[in-house]
Amino acid sequence: MVLVRFDNVGMRYGLGPEVLHDIAFSLPSGSFHYLTGPSGAGKTSLLRLMFLAQQPSRGTINAFGKDVTSKDRKVLQSLRRRIGVVFQEFRMVSHLSAAENVALPLRIRGMSEPSIREHVREIMAWVGLEHHTEADTATLSGGQQQRVAIARAVISNPDLLLADEPTGNVDDALAERLLYLFEQMHKNGTTVVVATHNRRLIERYPHPVFQLDDGWLKKS
Amino acid sequence: MPKGRLVPLLRFFLRTEVDTTPLGSAFSSERATVILPWVIGVMVYLALLMVSASMSIDNTIARWRADLADRITVVVPPAVEGLGGMPLTESHNSLLSFLRSDVSVSRAEEIPSAKLQLLLEPWLGTAAHVEGLPLPRMIEVDMRKVDSVAIAQLRTRLTENFPQVLLDDHRFWRNRLLAVGRILQGIGLVAMIVALATALVIVALGVQIAMSKHATTIQLLRVMGADDSYITAQFLPAVRRASAIGSLIGLLVFLSTYALLRIVGDGFAPQGMGPQDWQWAMVFFVPLFLFLAALAVLVITIWGRLREAP
């Protein structure tokens with residue numbers, strides 16, 4: 001089953017030049033893909049299209065069997081709940097604790113407080129931060145913040161997990177540990193796309209690679 | 001708005017169990033949110049003052065209309081010794097009889113000197129005696145129907161029989177006073193609308209600024225699948241509390257001002273000053289309206305901003 005399909009997608013910001021050209025690919029359900037390419041190649045833009053924060057300038061995007069270029073807000077909102085996103089710059093909500101940050105997707109879904117606490121406890125243990133649940137996120141290291149971000153992305157058990165340079169700000173040992181978490185999600189049936197420059201990790205955990213170059217997509 | 005949408009909207013506005021974890025506490029503690037109740041309070045107070053002034057004018061206009069609607073005054077100048085060579089008392093009786101027998105007149109009564117003294121009291125004080133003053137004698141005349149033709153005909157008949165007597169048609173200055181009153185009333189209502197609109201614009205600006213300040217978090221919530229209602233709910237309790245407290249402050253300060261004026265101006269306050277009877281409903285409606293309008297502005301502002309993005 002195809003989870004996401006891009007057909008002849010082009011994208012530009014406002015009236016600027018096109019940053020993605022004729023993008024066409026399919027993501028089978030349960031697959032794992034890397035997205036690589038030099039800085040400015042369009043990786044973040046492609047991920048923004050995939051997590052439905054942006055609309056394409058042309059072409060069609062089909063996610064979870066629905067045409068997401070229809071701009072139906074309710075459809076988009078319900079589809080976004082099936083996607084987990086790990087941002088390169090973590091995007092912690094600074095006035096919330098680590099646990100409160102992780103709990104956000106469950107709160108949005110209206111889950112009860114006892115269930116939220118139980119899920120958060122489990123997921124914080126899974127990423128190895130069970131002793132930092134009440135920590136102010138500003139006091140956490142970059143690696144710890146990245147693990148909080150991953151916990152937040154996966155706590156709602158998304159069908160599609162997108163990660164934008166999740167290993168960009170961490171050392172090799174931690175990068176490997178983070179990728180191990182993504183592998184576990186993949187083994188549990190989640191479709192995973194990881195944007196990364198790290199060739200060593202790609203070789204360590206080999207999966208199909210989408211290569212972006214100046215807005216053009218090649219699959220290898 | 002159809003009833004089917006109004007009820008859920010009101011329920012949304014008034015619900016108490018709202019998850020505001022992501023932004024609620026941050027928004028509530030911001031300086032702009034803290035001063036919002038006071039700004040709304042001042043605007044509600046000003047709006048109520050304007051409403052009250054407008055109502056006072058309306059009451060005065062209504063009284064003028066009722067008192068002077070069918071009334072004219074016949075004035076006998078003080079220099080006239082006697083009308084038509086008759087002795088003074090006899091000539092006045094003759095004038096009164098003439099007026100009372102006229103087909104267009106329903107009532108004619110001379111204004112007694114005690115009432116004249118009362119009218120002149122603000123200028124002459126209580127010690128003055130009007131009997132010794134060269135004042136005109138005045139006769140109040142209620143007409144069956146007041147229009148230009150009837151007054152002109154009465155004036156002609158009066159002039160033929162009592163050439164020295166003057167007829168004062170109140171309509172001229174009454175209409176001008178009514179026009180001035182209506183203009184003042186209109187200015188009061190416009191000022192009230194401006195005060196309320198200013199309060200709502202401040203609410204909208206406060207929410208806009210907060211949304212800009214927390215744009216990253218809002219975007220994050222949207223990426224996680226938060227719908228517009230969830231994001232609106234982040235700001236709802238703080239705006240609801242600010243507009244409720246502000247409306248109450250404005251109302252209470254206005255009621256205090258009104259009570260103070262009644263106490264200080266006891267006996268001197270003109271009749272019809274401030275709201276009367278059903279007009280009190282308007283006084284309580286203004287803060288309620290602002291409370292509800294602030295919530296509507298909140299929703300319109302947030303939904304408008306959110307709809308700019310997919």
Side-chain angles (χ1 to χ4, degrees), chain A residues 11 47-57 61 68-87 89-97 99-113 116 120 149 152-156 158-160 162 164, chain B residues 4-5 8-9 11-12 14-34 207 209-238 299-310:
Chain A
M11 189 194 132
L47 286 175
R48 283 179 65 80
L49 286 174
M50 291 170 78
F51 62 74
L52 313 178
Q54 204 79 38
Q55 286 283 318
S57 313
I61 300 174
V68 297
T69 47
S70 66
K71 296 184 182 174
D72 184 326
R73 292 175 63 77
K74 287 217 177 293
V75 169
L76 291 179
Q77 283 158 1
S78 69
L79 293 182
R80 283 180 189 132
R81 294 185 183 193
R82 301 176 66 180
I83 303 170
V85 185
V86 181
F87 297 97
E89 70 283 18
F90 318 138
R91 293 208 193 172
M92 295 290 114
V93 180
S94 58
H95 59 270
L96 299 182
S97 68
E100 284 169 334
N101 265 284
V102 171
L104 284 176
L106 303 183
R107 291 192 181 285
I108 287 168
R109 284 157 180 78
M111 190 178 274
S112 68
E113 205 59 38
I116 289 175
V120 169
R152 188 177 62 189
V154 303
I155 193 168
S156 57
D159 296 318
L160 175 62
L162 305 170
D164 190 4
Chain B
R5 290 176 66 183
L9 197 62
R11 199 175 294 150
F12 173 73
L14 300 175
R15 68 183 175 164
T16 51
E17 287 181 11
V18 179
D19 172 40
T20 60
T21 307
L23 278 174
S25 59
F27 178 60
S28 298
S29 58
E30 276 167 20
R31 191 176 295 171
T33 314
V34 172
V207 172
I209 290 167
M211 287 189 79
S212 298
K213 189 175 175 184
H214 299 290
T216 311
T217 305
I218 290 171
Q219 193 187 24
L220 179 70
L221 294 175
R222 297 187 72 221
V223 167
M224 291 174 180
D227 58 20
D228 297 350
S229 300
Y230 185 83
I231 292 168
T232 307
Q234 302 305 308
F235 301 92
L236 179 65
V299 171
I300 292 166
T301 306
I302 293 179
W303 289 19
R305 274 285 285 268
L306 293 178
R307 271 164 173 67
E308 289 170 8

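All chains are named by letter (A, B, ...) in the order of the sequence lines, taking the proteins before the strands, and each is independently numbered beginning at 1.
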**Request:** With a 4.5 angstrom heavy-atom cut-off, could you sort out which part of A/R82 is near chain B: side chain, backbone, both or neither?
**Result:** neither
**Prompt:** In terms of heavy-atom pairs under 4.5 Å with chain A, which of B/T217, B/D228, B/L221 leads?
**Reply:** B/D228
**Prompt:** About how many Å separate CG of B/L306 and CD of A/Q77, when rounded to the nearest 0.5 Å?
**Reply:** 8.5 Å
**Complete:** Between A/R80 and B/V223, the two heavy atoms sitting closest are CB-O, 3.6 Å
**Asked** Would you say the side chain of A/R81 lies within less than 4.5 Å of the side chain of B/D227, judging by non-hydrogen atoms?
**Response** yes
**Request:** Could you tell me which non-hydrogen atom of A/R91 sits nearest to which non-hydrogen atom of B/L220, and how far apart they are?
**Result:** O-CD2, 3.4 Å
**Asked** Of all of A/R107, A/R48, A/H95, which one pairs up most often with chain B through heavy atoms under 4.5 Å apart?
**Response** A/R107
**Item:** Nearest heavy-atom neighbours spanning B/M224 and A/R109
**Value:** O-NH1, 3.8 Å
**Fill in**
Max heavy-atom pairs within cutoff under 4.5 Å with chain B, candidates A/P105, A/P158, A/A153, A/S156, goes to A/P105
